[in-house]
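To start, the structure under review is shown below, and the notes come after it.
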2 protein chains.
Amino acid sequence: MSKEELKKVSDSKTIKKVKKGEPLFEEGEKLNGVFCVRDGVSKLSKLSANGKDQIVKLATKGEVLGQRSVIAEECTNLSAIAVNDMEVCFIPKESINNTLQSNPNFTLEVLRHMAHDLKEADDVIVNMSQKTVKQRIAEAFLYLKNNFGEDEDGFLALTLSREDISNVVGTATESAIRIISEFKKKGFIHTSGKKVGITNERKLAELVEGF
Amino acid sequence: MSKEELKKVSDSKTIKKVKKGEPLFEEGEKLNGVFCVRDGVSKLSKLSANGKDQIVKLATKGEVLGQRSVIAEECTNLSAIAVNDMEVCFIPKESINNTLQSNPNFTLEVLRHMAHDLKEADDVIVNMSQKTVKQRIAEAFLYLKNNFGEDEDGFLALTLSREDISNVVGTATESAIRIISEFKKKGFIHTSGKKVGITNERKLAELVEGF
DNA sequence: GTTAAAACATGACATTTATCAGTTCTTGTT
DNA sequence: AACAAGAACTGATAAATGTCATGTTTTAAC
């Protein structure tokens with residue numbers, strides 16, 4: 001397995017703590033290694049021409065950041081910023097390249113993983129261009145529930161600011177806030193401060209599908 | 001090089017002709033091989049919930065279709081339809097898998113290529129979510145010029161229907177047509193039937209950048 | 001605890017985009 | 001050449017989304 005292989009490598013490497021809001025790396029940098037998330041969540045985002053960030057991915061425990069840039073030998077096109085306090089380990093690119101050279105199964109495993117990611121990217125493109133903001137926000141909440149779970153009080157375990165939510169779905173912050181209010185009024189979700197809990201998952205799912 | 005390797009393999013395999021409008025494969029199919037484009041152009045699209053196609057990529061000579069599904073061992077998430085008459089060759093998945101197993105350099109090359117594609121996918125996501133329809137259409141024309149060139153009369157060598165253009169940028173056909181008319185009126189482009197030529201590349205580029 | 005800054009929220013309005021309903025132009029066929 | 005079918009186009013209007021302005025709540029620092 002890719003993750004196990006990676007873990008084996010990573011266990012021998014440097015561990016680093018990153019505080020909430022701090023960057024692991026920023027758009028345009030040349031990375032000399034990859035980061036493996038041991039704890040916490042990082043948002044991967046890209047600055048658009050109009051000055052807004054677009055969040056492309058939320059990476060959590062076990063995920064690897066920066067491997068695409070290292071493998072393609074290009075500067076990174078994304079910034080990685082900690083959404084909450086994180087613990088990551090750093091694996092220098094020499095180590096990655098060695099493993100890629102010497103361990104064909106590892107390479108193949110990484111390849112499979114990337115092929116899968118590419119298919120997911122297609123889905124994101126379709127969602128972004130064919131779904132309304134309302135649908136994308138509903139989908140984002142379902143995604144957060146499925147991927148990060150809920151806390152003991154029934155709120156989404158990963159709390160994002162309204163601005164981050166708007167940057168995930170690609171809309172104005174005010175629009176996102178308005179739709180969140182609407183969902184609350186309709187009883188799809190409940191909130192407490194910036195925390196959001198899903199009240200009616202079925203309704204949200206129906207909305208995503210276009211009802 | 002990936003392409004040379006692939007060509008070597010592909011030369012020994014079956015060649016197939018596909019007429020304009022015909023599918024190479026359709027969304028949801030399990031592919032038992034990949035297609036290498038020898039001539040013509042194919043659109044890779046995905047049907048969205050609202051019944052509209054989103055074109056995710058236009059593949060031309062030298063490009064390979066279906067490798068992601070074969071590598072990830074999943075059903076394809078895209079349909080591939082010929083935009084004009086095509087000639088493709090088919091490479092069975094056993095052949096691909098053999099090469100992946102036996103030729104680590106080939107695998108690494110494919111991996112590099114995919115890493116690059118993934119970065120491009122990020123750009124598309126940002127474009128789709130942060131740019132206006134007008135900007136995306138301008139960008140599409142520049143893309144067509146850069147990737148497919150122009151004919152002897154100064155028209156884009158690849159002629160897409162208005163509907164295809166709207167499916168590339170993710171908008172309603174009428175909206176695309178309206179914006180094309182506007183561009184024509186402003187002297188950014190000129191048209192003849194469904195053919196489009198770029199008159200003022202600079203203006204289009206500025207528009208994309210947000211002026 | 002107080003306080004300033006940041007985040008959240010809402011209203012009013014402008015802009016963009018989609019939808020529907022037609023008309024005109026092209027194209028391929030007979 | 002006539003014709004039918006599909007594509008391209010246009011107008012009117014509705015719906016979605018963005019922007020600006022402003023007030024309220026939350027958060028974090030002292």
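We name chains A, B, ... by the order of the sequence lines, and we start the count at 1 in each one.
The phosphate of D:dT17 has neither OP1 nor OP2 within less than 4.0 Å of any side-chain N or O from A:Ser175. Between A:Lys194 and C:dA7 there is no side-chain N or O to OP1 or OP2 distance below 4.0 Å. The phosphate of D:dA7 has neither OP1 nor OP2 within less than 4.0 Å of any side-chain N or O from B:Thr173. Between A:Thr171 and D:dG18, a side-chain N or O to OP1/OP2 separation shorter than 4.0 Å is present. The phosphate of C:dT16 (OP1 or OP2) has no side-chain N or O of B:Lys134 nearer than 4.0 angstrom.
Listed nucleotides D:dC9, D:dC20, C:dT17 differ in distance to B:Ile177; the shortest reach to its side chain belongs to D:dC9. The side chain of A:Glu174 approaches D:dT19 more closely than any other nucleotide in the set D:dT19, C:dT17, D:dT17. You'll find that the side chain of B:Arg162 is closest to D:dC9, out of C:dC8, D:dC9, D:dA7. Among the nucleotides D:dT10, C:dA18, D:dT17, the one closest to any side-chain atom of B:Ala172 is C:dA18.
The CD1 atom of B:Ile179 sits 10 Å away from the P atom of C:dT16 (whole-angstrom rounding). Going from atom NZ of B:Lys185 over to atom C1' of D:dC9 covers 11 Å, rounded to whole Å. Spacing between atom NZ of B:Lys195 and atom C1' of C:dC25 amounts to 16 Å, rounded to whole angstrom units. Here the P atom of nucleotide D:dA16 and the CE atom of A:Met128 are 19 Å apart, to the nearest Å. A:Glu163 places its CD atom 11 Å from the C1' atom of C:dC8, with the value rounded to the nearest Å. B:Phe183 has its CZ atom 17 Å from the C1' atom of D:dA8, to the nearest Å. One atom, CD of B:Glu182, and another, C1' of C:dT16, lie 11 Å apart when rounded to the nearest Å. Separating the NZ atom of A:Lys52 from the C1' atom of D:dG18 is a distance of 9 Å, rounded to the nearest angstrom.
With DNA chain D read from its 5' end, the first of the two nearest nucleotides for A:Gly193 and A:Lys131 is the one closest to A:Lys131.
Ring geometry for B:Phe155 versus B:His190: interplanar angle of 30 to 60°, hence tilted. Using cut-offs of 30° and 60° on the angle between ring planes, the pair B:Phe188 and B:Phe183 is tilted.
B:Asn127 and B:Lys131 share a side-chain donor-acceptor pair at under 3.5 Å. For the residue pair B:Lys194/B:Thr159, the side-chain donor-acceptor check at 3.5 Å is not satisfied.
Evaluation of atom-type donor-acceptor distances gives a pair under 3.5 Å for the side chain of B:Arg178 against the base of D:dG11. For C:dT16, its base never sits under 3.5 Å from the side chain of B:Arg136 at any donor and acceptor pair.
Rounding to the nearest 0.5 Å gives a distance of 8.0 Å between OG1 of B:Thr76 and CG of B:Leu44.
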